[in-house]
2 protein chains.
Amino acid sequence: MYFECSGNVWLTQGFVKRLRRDTIAFMTRPNPAVAQSATLAEIAREAGVSAPTVSKVLNGRADVAPSTRTRVEELLRHHGYRRRRAEASRSPLIDLVFHELESAWAMEVIRGVENVARDEGLSVVLSESAGRLTPGRTWADQVAARRPHGVVLVLNGLDESQRALLTSRSIPFVVVDPAGDPGDDVPSVGATNWQGGLAATRHLTDLGHRRIGVISGPSRMMCSRARLDGYRAALDTAGLPVDPALIRDGDFHHESGYRAGLDLLKLPDRPTAVFAGNDLQALGLYEAARELGLRVPEDLSIVGFDDLPVARWVGPPLTTVRQPLTEMAEAAARLVLDLGRGERPSAATRLELSTSLVVRSSTAAPSGEGRAARFGAGS
Amino acid sequence: MYFECSGNVWLTQGFVKRLRRDTIAFMTRPNPAVAQSATLAEIAREAGVSAPTVSKVLNGRADVAPSTRTRVEELLRHHGYRRRRAEASRSPLIDLVFHELESAWAMEVIRGVENVARDEGLSVVLSESAGRLTPGRTWADQVAARRPHGVVLVLNGLDESQRALLTSRSIPFVVVDPAGDPGDDVPSVGATNWQGGLAATRHLTDLGHRRIGVISGPSRMMCSRARLDGYRAALDTAGLPVDPALIRDGDFHHESGYRAGLDLLKLPDRPTAVFAGNDLQALGLYEAARELGLRVPEDLSIVGFDDLPVARWVGPPLTTVRQPLTEMAEAAARLVLDLGRGERPSAATRLELSTSLVVRSSTAAPSGEGRAARFGAGS
DNA sequence: GCTTGCATCGCGAATGTTTCGGGTTGTACT
DNA sequence: AGTACAACCCGAAACATTCGCGATGCAAGC
């Protein structure tokens, strides 16, 4: 066995032993200047409580009076307390918290985090923040209690108190596809949604479409807005007007794609193509088109977003913007682990992986217009 | 707060306190007859080693001489050692181990386990057993190290040594949809696959189909075989011959459904209906049918199995056999937790949830035959 | 033969954690 | 006012686990 000593210097056992004997254990004594910070017991004494109480504070147990808790926390912070034994008391875990555990979307992310975790010998803890837990205990409490190496969050919003909790326990975290304001100084990983929306729409304008509808995601989510703006930019570039009547809101689920689709397709001057916002909404749109007897892509071109596995499997295979969800999750996991090792600048990192258009068979030139169909439906 | 006392009797705090005061703590003393089994320290003394050494044995650390290890293990077994404090030294976790983390299938199972876990204040640890870990450490080692309340397994096979490891750490486990021999005395949760295959096929015979193909799953998996046998039984009941030419093997993935579908549909006397074995294969079959210009359900009826969310979303919506994956996973999770509490007879439990046919729009009466189509394709 | 290098094994002491009984306080009911 | 009760809070003691070191044994080199 070897001993690692301050970074990259390795000492053999024999050397250490000789050194210790020769120097009469002078150098190997814990150096008070480097200050192994106080022990739990010392903190306790100073705070005028018992060791178990301090332990409880550290572990976020419930039965500590708020006043005591703050006093102890103060002292802990002041002393820069660190568990003396067992810095390995971080569990070999990485937490993955979804706001809502649904759809194939989540699966891709899970896979990505799983991959990285396995490489690092860690396991993945999955939780959903939406449903309520035992009252008083949020996901953050549970996460803090198990001391994982890091947390990957897929949330709509990050509560300030939860964030403080993680920070105080020095558990690093990264947000995937954050919905919040971009002003946040939270490290995050996303995709180039704007460019994706642009590419999707430009693909349609390039095919010759002039009336292009869009079903946007929830407007509170940044990614929806970015995609929508990409759509607008593409229309603008092509010299086409942005018609508010062709813009519909959805919630990224199948059902809303169906409803918004019916709306759009029943317009007197219906669009010949629709950018569906995501793949699930695109599937809903398929259904609406079927119901109205419209053929895809002959009568209606459709572009999705995400490139879920199912996009390849539906009929006709869906043209969509590939969002590298698995890679994004991998990047997030790696980033959070690096943060834990202190290997990254603490400057908030914002990583954006690029999207790419995947052309399949759900898009074609508009048939009813002046220009003849230029492309067939073949894949 | 209430105190539970031996099963269903609940005592109020006041009552307990009064009792304790009045009886001068006589009755509430730990009863030596109920024998809190030996502590770690006692075991250590008896074995002639120190407490830390026993601790290491318990936790499977490496640095214990084999002879010492066996001696201590012997004593532990002999005394029926149990952690005295901290029966809660089980982490508030429940492990969920997949052989392969793929497809929407897994997502449903995850959701089910998640639901139960949240109710119980536990978190879910997800792992995949297929890829290799750091050499020498299998999923079972990791699971054993974190002492979860239970393990839900979704595996093809359960290694004997891994099983022994879990048993020796008294970590209960349950297998979902086991692929192995039914002779196993492992508690498990499944679905009525045979009945499902029967119902799917009978639905087709009832519609008037006479040539019904089937794309089976991997034959080593019990569920595939059960579904196939259900298919056979249904044909038999309807007085139809079982034509081996109409039976194809798949691997439950989209691609194999496509290939097998092409095979079947190119037969000179092609089937008018196919039971696709599962939903993914049904989607592959859709694609094959599209490619050959066959309409579903007019020219070809298709029945799937599983009822994944996507089954509702494809065009036409897929008639399929609903397998209550989420409920199965919930049942498995509950079962494994009950096992951990010793609330179930140790007799191996085999739970089978029932499947049910969900008729959508991918099935109709055969059109080319004597009897006219009786049902339209509308949903 | 003696030293050196290295690995294995086990312990003492330090450290953190859990259990669970008891004190204190606030509240509702008599 | 008195009683009963439950919530809340804390600590002593019991307990498990880790750290660092020493002891021992083996093999190679001088």
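Naming: A, B, ... by sequence-line order, numbering from 1 per chain.
Straight-line distance from the CD1 atom of B:I43 to the P atom of D:dT17: 13 Å, rounded to whole Å. Note: CG (B:L40) to P (C:dG16) measures 20 Å, nearest angstrom.
A:V336 and A:P172 make their closest contact through CG2-O, 3.3 Å (heavy atoms, listed as atom of the first residue, atom of the second, distance).
Between the CD1 atom in A:I110 and the CG atom in A:L101 there is a gap of 5.5 Å [rounded to 0.5 Å].
Under the side-chain hydrogen bond (donor to acceptor under 3.5 Å, both in side chains) criterion, A:T53 pairs with A:S50, sequence neighbours left out. In terms of the side chain to side chain contact (heavy atoms under 4.5 Å, CB included) criterion, residue partners of B:R45 (sequence neighbours excluded) are, by chain and number, B:E42. With sequence neighbours excluded, no residue forms a side-chain hydrogen bond (donor to acceptor under 3.5 Å, both in side chains) with A:E73.
OP1 or OP2 of C:dG16 lies within a sub-4.0 Å distance of a side-chain N or O belonging to A:Y81.
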What are the atom names and distances for every N/O pair under 3.5 Å that joins the protein to nucleotides 8-10 of chain D?
unit_1, atom_1, unit_2, atom_2, d
D:dC8, N4, B:Q13, NE2, 3.3
D:dC10, OP1, A:T68, OG1, 2.3
D:dC10, OP2, A:A65, N, 2.7

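Helical stems involving DNA chain D, defined as 3 or more consecutive Watson-Crick or G-U pairs under 3.5 Å, span C:1-30 with D:1-30.
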For B:E120 and B:I94, what are the C-alpha separation, side-chain angles and deciding distance, and is it a side-chain contact (heavy atoms from CB on, under 4.5 Å)?
CA-CA 10 Å; B:E120 305 274 343; B:I94 179 166; over 6 Å; no

Table please: side-chain donor-acceptor pairs of residues 62-69 of chain A below 3.5 Å, with sequence neighbours left out.
unit_1, atom_1, unit_2, atom_2, d
A:D63, OD2, A:K56, NZ, 3.4
A:R69, NH2, A:R61, O, 2.4

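Between B:V124 and B:V152 the shortest side-chain heavy-atom distance does not fall below 4.5 Å.
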